[in-house]
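Down below is the structure, laid out as structure tokens.
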There are 2 protein chains.
Amino acid sequence: MTLSSLLEAAITGLVRFETVMQKEKLPRREREKLRQRQEILTAGLTLFSEKGFHNVSMHEIAEEAEFAIGTLYKFFQNKEDLYRALVLEQCSLFAAAFNEALEQGEDEIEKLRNYVRAQYKMFRSHLPFVRLFIAESRGVSYSIKAGLDQELRARYYRLLEKIASVFESGIRNKRFGNIASPYHLAVSLDSTIHAFLLLCLDEPEKHPFPEDPDTILNIFFQGMLNG
Amino acid sequence: MTLSSLLEAAITGLVRFETVMQKEKLPRREREKLRQRQEILTAGLTLFSEKGFHNVSMHEIAEEAEFAIGTLYKFFQNKEDLYRALVLEQCSLFAAAFNEALEQGEDEIEKLRNYVRAQYKMFRSHLPFVRLFIAESRGVSYSIKAGLDQELRARYYRLLEKIASVFESGIRNKRFGNIASPYHLAVSLDSTIHAFLLLCLDEPEKHPFPEDPDTILNIFFQGMLNG
DNA sequence: ACATATTATGACGCTTAGTTCACTTTTAGA
DNA sequence: TCTAAAAGTGAACTAAGCGTCATAATATGT
């Protein structure tokens with residue numbers, strides 16, 4: 001397995017990056033390179049999340065990562081390439097966590113609870129990336145969007161389908177009432193979770209994220225219409 | 001009433017811009033200036049929404065608006081100032097429409113229906129701005145964020161409070177069950193509407209926005225838990 | 001019609017930042 | 001130890017675009 005195919009796999013979301021780094025027995029030099037690459041990405045993440053894509057220069061990233069500018073260009077074709085790699089890698093972590101959560105759990109309700117928990121957990125443990133992503137995953141550059149947004153959007157739709165399939169299965173076996181299309185329910189649940197996380201990001205003490213996932217889920221589980 | 005105070009009012013969202021332009025009897029030259037200003041803003045909106053803040057130059061805006069660059073600087077201190085004015089003006093239109101919607105309607109349910117309808121209506125009639133806002137309201141530049149984001153966030157929180165008050169009143173007079181805090185319900189409803197609109201923006205034929213507002217509202221009105 | 005004030009213009013200066021590449025340093029094998 | 005290849009470096013090149021300001025055009029009042 002070559003370095004580039006490993007990177008490819010990591011980027012595609014098949015393998016977690018850490019796993020790649022630890023498990024595979026690459027020649028020492030290759031492992032070293034991979035670690036350096038990672039350090040550059042980390043520096044980039046830090047800076048991008050603090051100041052935004054357009055307000056961070058390659059010089060800054062180089063300085064933060066303690067490399068010369070030229071070195072960055074040994075790893076990444078250009079600034080966009082670096083950014084793209086960074087975002088895709090992080091997104092893969094998120095995707096893996098969410099997919100896993102939706103597969104764990106006895107019944108549909110438990111799967112959904114796990115999903116809410118996973119969102120919160122990833123959110124908390126990856127704040128810089130969350131900030132970066134929320135801030136400008138969509139607005140960075142229309143040329144980046146072309147390559148990156150498409151891939152990410154496709155992934156997001158896949159995730160929505162997966163959530164929808166949980167609702168669908170719950171409706172099929174009568175655990176849930178058939179109050180709306182599974183897809184609509186998925187969209188609604190997911191956006192609600194995000195909204196709560198966003199508010200929490202803004203002012204954690206004013207809008208704390210509910211510890212109990214049912215605080216959110218009950219909005220969907222219990223109807224509010226009387227009479 | 002001076003020009004600047006009128007602009008101030010328009011920006012603060014107290015008066016619609018068109019109203020300002022038509023009703024008030026300003027000296028001819030002043031009205032002319034206002035129209036020119038508006039033309040520049042429109043040019044800016046078009047370009048920003050197509051290419052994003054950082055990929056549009058002042059030269060381009062000048063060309064699109066058919067003015068010389070220097071002229072833009074007679075109206076706006078700099079590029080950020082222009083952008084800020086643009087966003088605030090558009091946001092005021094949205095705020096006015098949403099607030100009005102939430103005030104019209106016999107009961108709480110009708111108010112919420114009106115709100116959903118208003119969101120869709122504004123969305124459809126202001127697509128360029130929607131695109132711009134979604135794409136990079138947050139990621140433009142951290143210096144803009146400071147001034148603009150704060151103001152807009154405050155407005156958004158006010159809107160959420162207003163939606164929450166509708167839920168609260170509905171719960172108080174027993175029309176709604178007390179299944180979650182009014183604020184949580186507001187957050188959830190609003191984010192759901194946005195999510196639907198967003199999907200619709202991406203692929204209108206695949207994710208059409210539901211004509212009937214109850215398609216969305218029923219997710220909240222009718223609980224889905226059986227047994 | 002003329003003079004003066006106001007407004008519009010766009011070539012140019014200056015800064016910033018992405019990228020390159022000739023050179024230095026390090027590594028690895030003979 | 002020596003040498004060739006690989007990796008690392010950062011000064012310098014280049015491009016882009018913001019904002020200025022001296023000048024031209026236009027409007028206003030006499």
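As a basis for the values below, the full set of heavy atoms in this structure was taken, side chains included, without hydrogen atoms, waters or symmetry mates. Below, chain A is the first sequence line, B the second, and so on; all start at residue 1.
- The interatomic distance linking B:N78 (CG) with D:dG17 (C1') rounds to 13 Å, in whole Å.
- Counting to the nearest Å, the C1' atom of C:dA17 and the CD atom of A:E64 are 18 Å from each other.
- For the OP1/OP2 pair of C:dT7 and a distance below 4.0 Å, the side-chain nitrogens and oxygens of B:Q36 include no atom meeting the criterion.
- Per the geometry, NE2 belonging to B:H59 stands 9 Å off C1' belonging to C:dA11, to the nearest Å.
- For the pair B:D190 (side chain) and B:A186 (backbone), a donor-acceptor distance under 3.5 Å is absent.
- Between the C1' atom of D:dG17 and the CD atom of B:E63 lies a distance of 14 Å, rounded to the nearest Å.
- Across all strands shown, A:Q77 has no heavy atoms under 4.0 Å from either base or sugar-phosphate atoms.
- The neighbour count for B:E203 CD, taken as heavy atoms of other residues, nucleotides or ligands under 6.0 Å away, is above 12.
- Atom CE of A:M58 and atom C1' of C:dT20 are 12 Å apart (whole Å).
- Within the nucleic acid shown, B:S57 comes within 4.0 Å of sugar-phosphate atoms alone, with no base atom in reach, counting heavy atoms only.
- Ion pairing between A:K162 and A:E103 holds under the 4.0 Å rule for side-chain N and carboxylate O.
- When distances are taken from the side chain of A:K74 to each of D:dG8, C:dT9, C:dT19, the shortest belongs to D:dG8.
- The distance from atom CG of A:L82 to atom P of C:dA17 is 16 Å, rounded to the nearest whole Å.
- Remark: A:K79 is in phosphate contact with C:dG18, judged by side-chain N or O atoms under 4.0 Å from OP1 or OP2.
- For the pair B:F75 CZ and C:dA8 P, the interatomic distance rounds to 6 Å; values are reported in whole Å.
- In this structure, the ring of A:F167 has its center no less than 6.0 angstrom from the ring center of A:H184.
- Here the nucleotide nearest the side chain of A:T71, chosen from C:dT9, D:dT9, D:dA7, is D:dT9.
- When heavy atoms are screened at a 4.0 angstrom cut-off, B:E60 is found touching no nucleic acid atom at all.
- Between the side chain of A:N114 and the backbone N or O of A:Q104, at least one donor-acceptor pair lies under 3.5 Å.
- Put simply, CD on B:E32 is 14 Å from P on D:dT26, counting in whole angstrom units.
- Comparing C:dG10, C:dT19, D:dT9 by their nearest atom to the side chain of B:I69 picks out C:dG10.
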